[in-house]
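Heads up: the structure comes next, in structure tokens.
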Amino acid sequence: MVVTVGCKTEKSNKMNSLNKSKDTLSITVLQTADIHGQLDTHPELFWENEKIVFKDRGGLANIKTLFEQERPKNPNHTIIVDGGDLIQGSGYTALSEGKVMPELIKNMGYDVIIPGNWEVVYGKDVMMDVMKGYETDVIVQNMYHEESNVPLFPAYSVKEIEGLRIGFMGINDPDVPVRQNPIFSKGIGFSGLTEDLKNQVDELKMNENLDLLFLVTHIGIFKQVELANNPIAENVDYILGNDTHERVREPIQGKYAKVTEPGAFGSFVGKLTLHFIDGKLVGDEYELIDVDPEVFPANKEIQELVDKAKEPYKDHLETVMGYTKKPLYRYLTVENPMDNMITDAARWKTGVDIAISNGFRFGNPIFPEKGNPAPITRANLWNLLPVNEKVKTGKATGKQIKKWLEKEMHNAFAQDPTERFGGWLVRFSGMKVNFNSQNEKGQRINSLTVNGEPMEDDDYYTISACVRPGDPIDNLCRMSGVKDVEVKDYTIHEVVEEYLNEHSPVSPIIDGRAYAEDLGEYSFSTVPQTDYKFQ
């Protein structure tokens, strides 16, 4: 274990000597992030020895066991934080509009929770009711009632442990109204990473006489690292990051603060241990703990609550829609089998030239075992497609599509962290693109074909995407100016169910419809100007 002391690193024997001092106080911070409504243990993807492998991880009841094992190691000195996106991402949270979560979360033992970018999915009023139901500190500095500028929740929370004052300030992504369907966040205003934020951070540190200050942020790893190097964070010690589902196994050191991010879906818990002498921080240790059900068996009480919460929806959601012979997953930045199946289904149903889907970062893997096709349930479908909107079709010129695709590539691969958008590259069927992710903005595409033929600037191509309520009628997946728009009378879930009914068992693979020559086939997230690697 490497320990950071000031700006220098020392071996663990240095920390061992500190631990023996009678004046040493240790505080533990446990962090979850982006649980996305995953209530139970589920398959998780890992990249090991240049291969994809799957292991069972997560489950709220298993996380509770982990919490109960960790607290006694540092009794009365442990703080548990969640970084948002709790109430969206599964069928159980979608069909209940998040209402399955409060009874579960208030029994988990969290001390601080912030809203994430998806907390708005059921509207402001539902979000407020659900989060108040957690009966713990919900904080966020930059969300307010649009009509009155009154904050939705307190900006910060202060915890005191043996005279040490520790502050937590919450920050959600100011781009929520653009990233999500605009109607989701109706009535909510957002502020950004501005000089006013710096003033509030500095005033919090001084006015509350804090010994340590955490920013709990839901803005993505790229912006979190940038923030750690920004004067805004001059008085910040740690940024507990969330949103992009990255598995940071050693904190990323910025100029002013260190950054963590503990994966997603409840598959991991970040553990930060802080060591003090005479009230001064002298060192830290960090571990990303796998929530392995063999190590952390389900807590009986929480599992009973989970089972009870699921009961009204279980029969419907656990109905099998079809089967897959190939693993379905969505962890690669450019192309994934899961999205290939979804966009193939949409193109099959609509008959368009190009079917488009968002570059979502979530969805638990589905994989065959022992040579048998794996079942795909409605619950799986909600994991893959977290909102079930109607399908929208129209037509656009090759020039429009190229311009839109270049913009989407910049959103995903911009070297300036502030220009990244949070998701991965959009997914599609019927179109094939070769590009270089590191080229300049607007110059990434090397070749682009539709149905095997080069895309022509002046030709029109039919396209489909899902409706984004609140968007202009001529907007498809953030592409504006689309002509002959038609909203179909069926939803994307109905499309995939119908497709599976006719084509099951399916065998989606990575087929090169999107390929970045500088990234290769298996491209996981990287963080520019750091040595972070997904694993």
Side-chain angles (χ1 to χ4, degrees), residues 1-9 27-34 79 81-85 112 114 116-117 139-142 156 166-175 192-193 197-198 201 204-205 210 212-264 268-274 281 283-289 361 414-422 524-535:
M1 181 69 66
V2 176
V3 178
T4 302
V5 181
C7 296
K8 299 180 180 179
T9 58
I27 293 174
T28 301
V29 179
L30 301 176
Q31 178 192 2
T32 57
D34 298 281
I79 301 170
V81 179
D82 182 78
D85 280 3
V112 176
I114 73 165
N117 61 294
I139 59 169
V140 64
Q141 172 270 343
N142 65 330
Y156 63 88
I166 304 170
F168 297 84
M169 177 179 280
I171 301 172
N172 198 1
D173 189 348
D175 289 330
L193 307 181
L197 172 59
K198 175 173 173 50
V201 168
L204 173 60
K205 188 73 175 274
L210 298 180
L212 201 70
L213 176 57
F214 291 87
L215 296 186
V216 188
T217 58
H218 199 98
I219 59 177
I221 191 67
F222 317 104
K223 293 179 182 178
Q224 281 147 186
V225 171
E226 193 279 335
L227 180 59
N229 291 295
N230 189 302
I232 290 173
E234 187 175 4
N235 283 308
V236 174
D237 298 283
Y238 295 88
I239 296 174
L240 300 180
N242 311 272
D243 179 49
T244 33
H245 304 183
E246 303 298 350
R247 303 170 187 176
V248 176
R249 296 183 182 275
E250 182 174 336
I252 298 170
Q253 178 70 66
K255 181 178 180 180
Y256 300 107
K258 291 183 179 182
V259 180
T260 67
E261 192 166 321
F268 308 91
V269 172
K271 178 184 177 181
L272 176 64
T273 305
L274 306 168
L281 179 66
D284 63 20
E285 301 165 76
Y286 186 78
E287 179 184 5
L288 188 63
I289 305 172
R361 285 179 176 260
Q415 286 300 293
D416 182 344
T418 64
E419 296 178 11
R420 293 208 179 187
F421 205 56
F524 297 94
S525 292
T526 58
V527 182
Q529 300 171 1
T530 75
D531 58 2
Y532 166 77
K533 291 183 179 180
F534 176 95
Q535 56 183 318

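Residues Y238 and V236 come closest through the heavy atom pair O-CG1, 3.4 Å. P262 and Q31 make their closest contact through CD-NE2, 3.4 Å (heavy atoms, listed as atom of the first residue, atom of the second, distance). Here the closest heavy-atom approach between residue H245 and residue A264 is recorded as CG-CB, 3.4 Å. In terms of heavy-atom proximity, G83 sits nearest to H218 at O-ND1, 2.7 Å.
Under the side chain to side chain donor-acceptor pair (under 3.5 Å) criterion, N172 pairs with no residue at all, not counting sequence neighbours. The ring pair (Phe, Tyr, Trp, His ring centres under 6.0 Å) check on Y156 picks up nothing, with sequence neighbours excluded. With sequence neighbours left out, Q141 forms a side chain to side chain donor-acceptor pair (under 3.5 Å) with no residue at all. Judged as a salt bridge (charged side-chain N to carboxylate O under 4.0 Å, His left out), and not counting sequence neighbours, the contacts of K198 are D202, E234. The side chain to side chain donor-acceptor pair (under 3.5 Å) check on R249 picks up nothing, with sequence neighbours excluded. Every ring pair (Phe, Tyr, Trp, His ring centres under 6.0 Å) that F534 has, sequence neighbours left out, goes to F524. A search for side chain to side chain donor-acceptor pair (under 3.5 Å) contacts involving D175 returns K223, not counting sequence neighbours. Under the rule for a salt bridge (charged side-chain N to carboxylate O under 4.0 Å, His left out), E261 has no partner lying at least two apart in sequence or in another chain.
By the 4.5 Å heavy-atom criterion applied to side chains, I171 and V140 are not counted as neighbours. Residues V248 and V259 fail the side-chain proximity criterion, which asks for heavy atoms closer than 4.5 Å. The shortest side-chain heavy-atom distance between L227 and I219 falls under the 4.5 Å cut-off. Residues F214 and I79 form no side-chain contact, since every pair of their non-hydrogen atoms from C-beta on lies 4.5 Å or further apart. By the 4.5 Å heavy-atom criterion applied to side chains, L288 and V269 are not counted as neighbours. T28 places none of its side-chain heavy atoms less than 4.5 Å from the side chain of L272. Side-chain atoms of L274 and L281, non-hydrogen and from C-beta on, do get closer than 4.5 Å to each other. Between D82 and I114, the closest side-chain pair of non-hydrogen atoms is not below 4.5 Å.
In this structure, the separation between CG on L30 and OG1 on T32 is 9.0 Å, given to the nearest 0.5 Å. The CZ atom of F222 sits 6.0 Å away from atom OG1 of T244, with the distance rounded to the nearest 0.5 Å. Here E419 contributes atom CD and E226 contributes atom CD; the two are 11.0 Å apart, rounded to the nearest 0.5 Å.
For the residue pair T273/E285, the side-chain donor-acceptor check at 3.5 Å is not satisfied. No side-chain donor-acceptor contact under 3.5 Å links Y256 and N235.
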* Begin with the C-alpha distance, continue with both residues' side-chain angles, and end with the deciding distance and a verdict on side chain to side chain contact (heavy atoms under 4.5 Å, CB included) for L210 and L204. => CA-CA 8 Å; L210 298 180; L204 173 60; 3.8 Å; yes
* What's the verdict on salt bridge (charged side-chain N to carboxylate O under 4.0 Å, His left out) for D85 and R361, showing C-alpha distance, side-chain angles and the deciding distance? -> CA-CA 12 Å; D85 280 3; R361 285 179 176 260; over 6 Å; no
* Could you walk me through whether E250 and Y286 pass the side-chain hydrogen bond (donor to acceptor under 3.5 Å, both in side chains) check? -> CA-CA 6 Å; E250 182 174 336; Y286 186 78; over 6 Å; no
* To do: For the pair Y532 and I252, evaluate side chain to side chain contact (heavy atoms under 4.5 Å, CB included) and give the outcome as yes or no after the intermediate values.
  => CA-CA 8 Å; Y532 166 77; I252 298 170; 4.3 Å; yes
* Step by step, would you call Q224 with T217 a side-chain hydrogen bond (donor to acceptor under 3.5 Å, both in side chains)? -> CA-CA 7 Å; Q224 281 147 186; T217 58; 3.1 Å; yes
* Could you go step by step and tell me if L240 and L215 meet the side chain to side chain contact (heavy atoms under 4.5 Å, CB included) rule? -> CA-CA 6 Å; L240 300 180; L215 296 186; over 6 Å; no
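In this structure, K258 pairs ionically with D284, as a charged nitrogen and a carboxylate oxygen lie closer than 4.0 Å.
In this structure, N229 contributes its side chain and K255 its backbone to a donor-acceptor pair below 3.5 Å.
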